[in-house]
Amino acid sequence: MNTMLVFSTVYTLALLFVSTKAEPNSKSCNEVRAAYSSKGFNVNDVPNKGVHGAPLKVCPQGYSCCTLEMEEKLSQQSHSDLKAPISQLSSNLQSTFKQRHSHFDQPQDQLAKGSLLQVHLSVGDGFVMEEFFRELLDNAEHALNDMFVRTYGLMYVHNAELFKHFFQELKRYYVSGSGAVNLDSMLSDFWEDLLERMFQLVNVQYEFSDAYMECVSRHTEQLKPFGDVPRKLRLQLTRAFVAARTFTRGLALMPEVVNKVSTVSASPSCVRAAMKMLYCPYCKGQVALKPCQNYCLNVMRGCLANQADLDTEWNNFLDAMLSLAERLEGPFNFESVMDPIDVKISEAIMNMQENSMQVSQKVFQGCGQPKPGNGFRSRRSVKETGFTGRFRPYSPDARPTTAAGTSLDRLTTDVKKRLKHAKQFWSTLPESVCAGERITSRDDCWNGTAKSRYESVVMGNGLANQVSNPDVEVDITKPDVVIRSQIAVLKEMTSWLKAAHSGNDISIDQDEDGSGGQESGSGCDSPSCEADGDIYFSIPPTPINPRVFKVVHQETTGGDRMAHGSMALALCGLTLALLAPHWR
């Protein structure tokens, strides 16, 4: 009998000991009350002591410091807690590129002239690439105007609208692409207009009708009065502009995608899983108990399954951006095309001046002999108008340089680093969230039911891998519509970037009727693009068999003899008109 009594006593004490270990805080919920009120909730919601059999919907049954009302409030809190780190990570990525693009369209007068690079590198190392491109255009226009005013004087001033329109159209093309400006046609019109004006200056002793000048314009390409400058400049401008405008639009797209994806709401099953992971330890009275890391990974991979599916197209987009950045550093360098454009146009004018006699003879043969003008006389002698100088050819050594190359080189190098850092952002979000002080990799962690090791297998990323997720119910048959639309947006932008890499322009701005964009460009889709990539005219032009237009035969007249005899005088007239201010 005594033996039985002793055995019964020991058994009872053992049960009490096990019960105490299993429910250490069943008698007091003071720690839970403090933690719960720190979240902004009413401390009176928390019972003073643990309640047995509380009708909880998410957390394990048994002794609990939670009520059903508390569980509902903590579920709402878990939704916010789940969103917070994701929003923070997304905001960091978004601001990285949004800040860079927010400066892109600032008015030009907000920056002190000549301080562009310093501003770029001082604003949080911010990227202001589009503003940089716009300022390069403005600076190129100002440089040409200053140079031509000094060199050509009033003759340039009287024809300045031609060059002003040229830069206006370049800016419009940069902003809107081929949907607004056909670059090939615009450049052809520019050279034709310039030829008309120079041809009349060369031949001031004649009168020309509008029909005659139209004949001259039609044969601009055949006559090649400006040498090979127009062809090479067209190629360089197309490649550089397409690359620059497409690249900046890619930078602008990144924060837009991040913003839209970050607005995707968590599913109810995800919120329940987050509540169970973050706050069910509260209900157990174990406020300091942290979730197991693998447990957190399964919860977050289930919650972010749709976002992870964005990763493949996101990485393809970033690869295309990086590839185009290489072009910007090399053969499509926008800065190296625009900075010496005044010298290049001057080179073309010099070509026309040197070849004016041959050009005029060909025009007279093809378009007919013009009528002599009335009252023409030379105001200066050949000796007075003799011109022996010319502009210094622009060479690679003259490129504006900094410690890391041109300003554009430095900007592009920095953005490439940031683009590389943004790769695999979406697929690594779960790992980024499941790090820090709120998660532990130790075995004495919260595994969803108790303080113990997490035994389940960690799922892979993406919607298809969540079929057997033990912690989050995921419907793999219903992909998120918003994220799928952003996948399509990235895919389309990637195609634009690849086209720009080949020197082709796919107009980003759709026509008003919704029709597709236009495509034009250099057709640079092979290694030959690199071979012709020297932008300083050092590569001999490809021989072209000139087309011969029909010659209109006329009998030799006194006017013909006058044409040949006065050609030298005409050259003097051009030199006088264009360069006289330069000699004074």
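Position 1 is the first residue of the sequence, and the numbers go up from there.
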Do E71 side-chain atoms and K57 backbone N/O form a donor-acceptor pair below 3.5 Å?
-> yes
C66 vs C59, disulfide bond (SG atoms under 2.5 Å apart): CA-CA, chis, key distance, verdict | CA-CA 9 Å; C66 290; C59 295; 5.7 Å; no
State, yes or no, whether a side-chain contact exists between M300 and I86 at a heavy-atom distance under 4.5 Å.
-> yes
Can we say D138 and R134 salt-bridge, meaning some charged N sits less than 4.0 Å from an Asp/Glu carboxylate O?
-> no
Side chain to side chain contact (heavy atoms under 4.5 Å, CB included) between L318 and M254: does it pass, once the steps are laid out?
-> CA-CA 9 Å; L318 292 178; M254 294 181 70; 3.6 Å; yes
Give the intermediate values and the outcome of disulfide bond (SG atoms under 2.5 Å apart) for residues C283 and C65.
-> CA-CA 5 Å; C283 298; C65 287; over 6 Å; no
What distance do K498 atom NZ and M493 atom CE have between them, rounded to the nearest 0.5 Å?
-> 12.5 Å
Pair listing, salt bridge (Lys or Arg N to Asp or Glu O under 4.0 Å) test, anchored in residues 462-481, at least two apart = none
Which pairs pass disulfide bond (SG atoms under 2.5 Å apart) with one or both residues in residues 442-498, sequence neighbours excluded?
-> C292-C445
If we only count heavy atoms from C-beta on, is the Y295 to I439 side-chain gap below 4.5 Å?
-> no
Look at the aromatic rings of Y174 and F241 and report parallel, tilted or perpendicular, splitting at 30° and 60°.
-> perpendicular
Does the distance from a Lys or Arg side-chain N to an Asp or Glu carboxylate O, for K260 and E256, drop under 4.0 Å?
-> no
Min side-chain heavy-atom separation V489-E313 under 4.5 Å = no
Residues N30 and S28: side-chain donor-acceptor under 3.5 angstrom | yes
From CA spacing to verdict: side chain to side chain contact (heavy atoms under 4.5 Å, CB included), V299, L82 = CA-CA 10 Å; V299 171; L82 176 68; 5.6 Å; no
Heavy-atom distance under 4.5 Å between the side chains of V474 and S269, does that happen here?
-> no
Does a donor on one side chain sit under 3.5 Å from an acceptor on the other, for T413 and E329?
-> yes
Where does the angle between the aromatic ring planes of W314 and W426 fall among parallel (under 30°), tilted (30 to 60°) and perpendicular (over 60°)?
-> perpendicular
Side-chain heavy atoms of T412 within contact of K416, under 4.5 Å | yes
Within the distance-only criterion (no hydrogens, no angle test), does the side chain of D311 pair as donor or acceptor with the backbone N or O of S427 below 3.5 angstrom?
-> yes
Kindly indicate, with the supporting measurements, whether the criterion salt bridge (Lys or Arg N to Asp or Glu O under 4.0 Å) is fulfilled by E431 and R301.
-> CA-CA 9 Å; E431 284 80 359; R301 287 183 178 178; 2.3 Å; yes
Nearest 0.5 Å, what's the OG1-CD distance between T312 and Q424?
-> 9.5 Å
Which residues pass the side chain to side chain donor-acceptor pair (under 3.5 Å) test with N298, sequence neighbours left out?
-> Y454
Over all heavy atoms of both residues, which pair between P479 and N306 is shortest? Give the atoms and the distance, please.
-> CA-OD1, 3.4 Å
Does R438 reach the side chain of P291, with side-chain heavy atoms less than 4.5 Å apart?
-> no
Quick check: are there more than 12 heavy atoms from other residues, nucleotides or ligands sitting under 6.0 Å from NZ of K171?
-> yes
